Amino acid sequence: MLALTILGNNSALSFKNRHQTAQILTTNDQLFLIDCGESTQIQMQRYQIKKNRINHIFISHLHGDHYFGLPGLLNSYGLTNRIEPLHLYGPPQLIEIIELMQKVSDSTFGYELIFHPLRKAEAILDLPALTVSCFPVSHRIPCWGFSFQEKRKPRKIDIEKVDYYRISKNSLTAIKNGEDVLNELGELILNEKITTEGMPPTSYAYCADTLYDESIIPFIEGVDLLYHETTYLDEEREKAAQRFHSTGIQAATIATKANAKKLLIGHFSSKYENLDLFEIEAKTIFKNTSVTVEGTTYLIDKPLR
Ligand SMILES: [Zn+2]
Ligand SMILES: [Zn+2]
């Protein structure tokens, strides 16, 4: 099961306790940081995020509200004697910025920073538990969305059934590997009789800053949780288009057309003090919509089939 914690849900400026974009996606054993607005470290402390469990950071684009927190975070890892290598994914120029900062300050981080430039839609990370892919979105400068797809988990051993069918415990590894096994009477017992299905794999897609753009749909089709920006309400549709952003109606339309299961919206313009209208507007198109709330963790799951 995946879980998403929102650290920042505002657009370019922080406003009334809303901060620039940053999110933490949690799997069983590690955390992934998605974008790193300038308040990210403070928000991590506020919401007790264990930053040393982050080994992969994904930066969507080089507008400041999505990465101005990164230099500070990379520096903090060095100051706290990080040893683990850190993988960073982002537009190619990002590493130039970081290297220039290191050069002019005559300093290094003290741990290995492995940079992965984003150049085309493709899988960028393959772990035992999940794969991560990037896809281009339509913004004023090159910008990338990210999709996280869990892999199917192995079936679980039902130990009561193992005893019932009089199977030796020496066969547990074989059962775990999906094999049919012989019991003490020499009978072949099918694997599906002594195991239950594992938790179904889930998926998350982050669409970064983008215009309304149906070309992203193939990359997010059927996703369990979709995050789509809604910088403006639909009454500002023209301004949204001029600034390469989206409205609540547009995000909800993408969610509907992509057959997403749930929609989270964020990246709100600071001109809006009350966000209720965003949810009301989006729900007219896509009912299962929530306005993101900073500090809230959204579980991404689906019922067992
Ligand atoms: Zn932005
Ligand atoms: Zn932007």
Side-chain angles (χ1 to χ4, degrees), residues 4-25 32-44 57-73 88-98 117-119 121 134-147 204-213 215-216 219-220 226-234 236-251 254-255 263-273 275 278 282 291-294:
L4 182 75
T5 303
I6 301 296
L7 299 181
N9 69 353
N10 221 43
S11 57
L13 296 168
S14 56
F15 173 72
K16 298 225 171 184
N17 269 332
R18 301 197 321 244
H19 303 82
Q20 293 93 341
T21 302
Q23 308 183 348
I24 295 285
L25 187 72
F32 301 92
L33 175 62
I34 306 166
D35 277 339
C36 191
E38 69 184 57
S39 305
T40 301
Q41 284 199 84
I42 292 166
Q43 293 292 79
M44 282 183 183
I57 299 176
F58 303 88
I59 301 296
S60 64
H61 67 300
L62 296 181
H63 282 156
D65 54 322
H66 295 258
Y67 83 102
F68 278 177
L70 184 67
L73 179 61
L88 176 65
Y89 307 77
Q93 301 95 327
L94 179 57
I95 196 65
E96 295 173 26
I97 295 168
I98 292 167
L118 305 177
R119 300 187 193 278
C134 66
F135 56 92
V137 297
S138 298
H139 199 38
R140 191 161 58 78
I141 59 173
C143 186
W144 300 88
F146 301 104
S147 70
Y204 171 60
Y206 169 77
C207 294
D209 285 11
T210 185
L211 278 172
Y212 176 81
D213 180 5
S215 74
I216 66 174
F219 300 108
I220 60 175
L226 175 68
Y227 175 94
H228 197 292
E229 70 128 290
T230 51
T231 308
Y232 297 101
L233 288 170
D234 211 57
E236 300 265 31
R237 180 177 280 243
E238 273 183 31
K239 185 188 273 184
Q242 285 163 8
R243 298 185 178 184
F244 293 83
H245 287 300
S246 300
T247 71
I249 293 287
Q250 291 172 330
I254 291 289
L263 171 65
L264 287 181
I265 51 177
H267 199 268
F268 305 110
S269 164
S270 296
K271 67 189 278 184
Y272 302 105
E273 186 155 359
L275 302 176
F278 280 94
V291 160
T292 47
V293 177
E294 291 185 5

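Order of appearance sets the numbers: ligands from 1, and atoms from 1 within every ligand. What you see is a predicted model; the values in this text were computed from it and never measured.
If you put the vertex on the Zn ion (ligand 1), OD2 of Asp65 and NE2 of His267 sit 100° apart, to the nearest 10°.
Tyr232 and Glu238 share no donor-acceptor pair across their side chains, judged by distance under 3.5 Å alone. A side-chain donor from one of His267 and Asp209 sits under 3.5 Å from a side-chain acceptor of the other. Donor-acceptor pairing under 3.5 Å is recorded for the side chains of Arg140 and His63. Between the side chains of His245 and Glu229, at least one donor-acceptor pair of N or O atoms lies under 3.5 Å.
Within the 4.5 Å cutoff, the side chain of Ile98 has no heavy atoms near those of the Pro71 side chain.
Checked against the Zn ion (ligand 2), the N, O or S atom of Asp209 at the shortest distance is OD2.
Backbone or side-chain N, O or S atoms of His63 reach the Zn ion (ligand 2) at under 2.8 Å. For His245, every N, O or S atom stays at 2.8 Å or more from the Zn ion (ligand 2). Counting backbone and side-chain atoms alike, His66 contributes no N/O/S atom closer than 2.8 Å to the Zn ion (ligand 2).
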